[in-house]
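All ligand and atom numbering here is 1-based and tracks the order in the structure.
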Amino acid sequence: MWRGVIEEYRAHLPVTARTPVVTLLEGGTPLVRADRLARHLPDVALWLKYEGVNPTGSFKDRGMTVAISKALEDRSRAVVCASTGNTAASAAAYAARAGLPCFVVVPAGGVALGKMVQALAHGARVVAVRGSFDDALRIVREGVPRLQLTLVNSINPYRLEGQKTGAFEICDALGGAPDAVAIPVGNAGNITAYWRGFTEYHCAGVIDERPRMWGFQAAGAAPLVLGHPVAHPDTIASAIRIGRPASWEGAETAVRESGGAIEAVSDAELLAAQALLAREEGVFVEPSSAAPVAGLLKRAREGRLAPGLVVCVLTGQGLKDPDAVLRTERQPEPVPATMEALAHLVDAALVAR
Ligand code: F0G
């Protein structure tokens with residue numbers, strides 16, 4: 001049975017026999033081959049690392065199991081994070097399991113419905129600020145020393161340590177490293193963590209080569225592409241609506257050392273990629289998580305996609321953000337409860353195909 005990322009990768013993580021392990025058995029997520037989607041990407045073998053099946057529905061759980069376990073070990077009195085939603089949901093769940101109070105600071109109106117509901121359900125104290133995620137992170141960083149709280153954003157080094165296990169799992173599943181990894185970039189912690197994971201496996205001789213790291217930001221929130229912070233980040237992908245990434249240098253290092261790139265995709269490209277994943281592969285992700293697929297499709301269209309084995313990291317579950325789908329999809333109008341009504345709809349739909 002899968003034992004969660006701390007037990008599975010204990011030798012690679014900053015835990016000791018005295019660390020109380022707080023786990024929901026996160027990690028061990030599917031690496032799914034995506035041949036139908038790959039038809040749009042000439043000469044690419046495409047795999048999807050589906051992080052949406054983690055316990056709280058995103059990759060954050062990998063880092064949170066380590067951060068919350070260490071907070072408990074260090075006798076923290078409460079934890080706090082700023083979040084666009086997924087960190088909040090994950091912190092709330094793992095803090096609940098540890099018996100620690102949890103405060104989450106979010107941009108008012110900037111968190112998808114499912115994530116807000118998760119934080120509330122797990123009993124976190126939710127503080128909604130009139131400002132952006134970057135404002136929320138700023139006040140949390142300022143407040144941590146005075147309030148004596150443990151910060152569980154990815155600035156907390158234990159978070160990235162846990163998240164690097166995603167890279168280990170990809171290599172373990174493939175029996176080596178892929179040629180490239182495509183990943184969404186917001187606060188830039190995850191691309192930093194994956195690069196660390198590949199580098200550690202490389203140093204340990206587990207893999208011969210490290211993959212190229214391709215990061216994708218939303219065009220309206222692309223500070224790493226522009227080379228300067230964005231004061232008012234704007235995109236439908238609320239998870240990555242971030243103008244001043246905390247792990248800026250980590251992302252740049254990953255790209256430089258791997259010979260990769262960070263590029264931008266438009267909201268229209270994000271939504272098209274989200275729909276394609278759902279309709280051609282049966283994999284439902286939130287808009288931010290579609291960024292790597294949107295990016296690969298764009299590279300292919302522009303003739304800039306090298307052949308090889310590519311893994312897309314799909315960071316979050318689609319159910320978290322129902323409003324994003326309901327922008328384009330309508331709910332059905334009720335019809336009479338008769339076989340004829342059903343037959344009429346089936347015929348019309350299949351003729352239209
Ligand atoms: N994908 C999803 C679904 C996310 O929630 C995030 C970040 C990212 C990608 C980007 O990862 O920040 O490490 O570059 N969400 C954070 C949060 C900011 O508060 O939940 P990153």
Between the protein and ligand 1, which nitrogen or oxygen pairs come in under 3.5 Å, and how far apart is each?
unit_1   : atom_1 : unit_2 : atom_2 : d
ligand 1 : 1 (N)  : Thr315 : OG1    : 2.6
ligand 1 : 5 (O)  : Asn86  : ND2    : 2.8
ligand 1 : 12 (O) : Asn187 : N      : 2.7
ligand 1 : 13 (O) : Gly189 : N      : 3.1
ligand 1 : 13 (O) : Asn190 : N      : 2.8
ligand 1 : 14 (O) : Gly186 : N      : 2.8
ligand 1 : 14 (O) : Asn187 : N      : 3.3
ligand 1 : 14 (O) : Ala188 : N      : 2.7
ligand 1 : 15 (N) : Lys60  : NZ     : 2.9
ligand 1 : 19 (O) : Ser83  : OG     : 2.7
ligand 1 : 19 (O) : Thr84  : N      : 2.8
ligand 1 : 19 (O) : Thr84  : OG1    : 3.3
ligand 1 : 19 (O) : Thr87  : OG1    : 3.2
ligand 1 : 20 (O) : Ser83  : OG     : 3.4
ligand 1 : 20 (O) : Asn86  : N      : 3.1
ligand 1 : 20 (O) : Thr87  : N      : 2.8
ligand 1 : 20 (O) : Thr87  : OG1    : 3.2

For this session: For Arg10, check salt bridge (Lys or Arg N to Asp or Glu O under 4.0 Å) against everything at least two apart and list the hits.
Result: Glu7
Exercise. What residues, two or more places apart in sequence or in another chain, satisfy salt bridge (Lys or Arg N to Asp or Glu O under 4.0 Å) together with Arg159?
Worked result: none
Problem set entry | Electrostatic pair Arg299-Glu263, nearest N-O below 4.0 angstrom | yes
Exercise. Do the charged groups of Glu329 and Arg279 touch, with an N to O distance under 4.0 Å?
Worked result: yes
Exercise. Is there a donor-acceptor pair closer than 3.5 Å between any side-chain N or O of Gln274 and the backbone N or O of Glu286?
Worked result: no
Problem set entry | All pairs passing ring-ring contact (aromatic ring centres under 6.0 Å, His included) where residues 196-217 contributes a residue, at least two apart | His12-Tyr201, Phe168-Tyr201
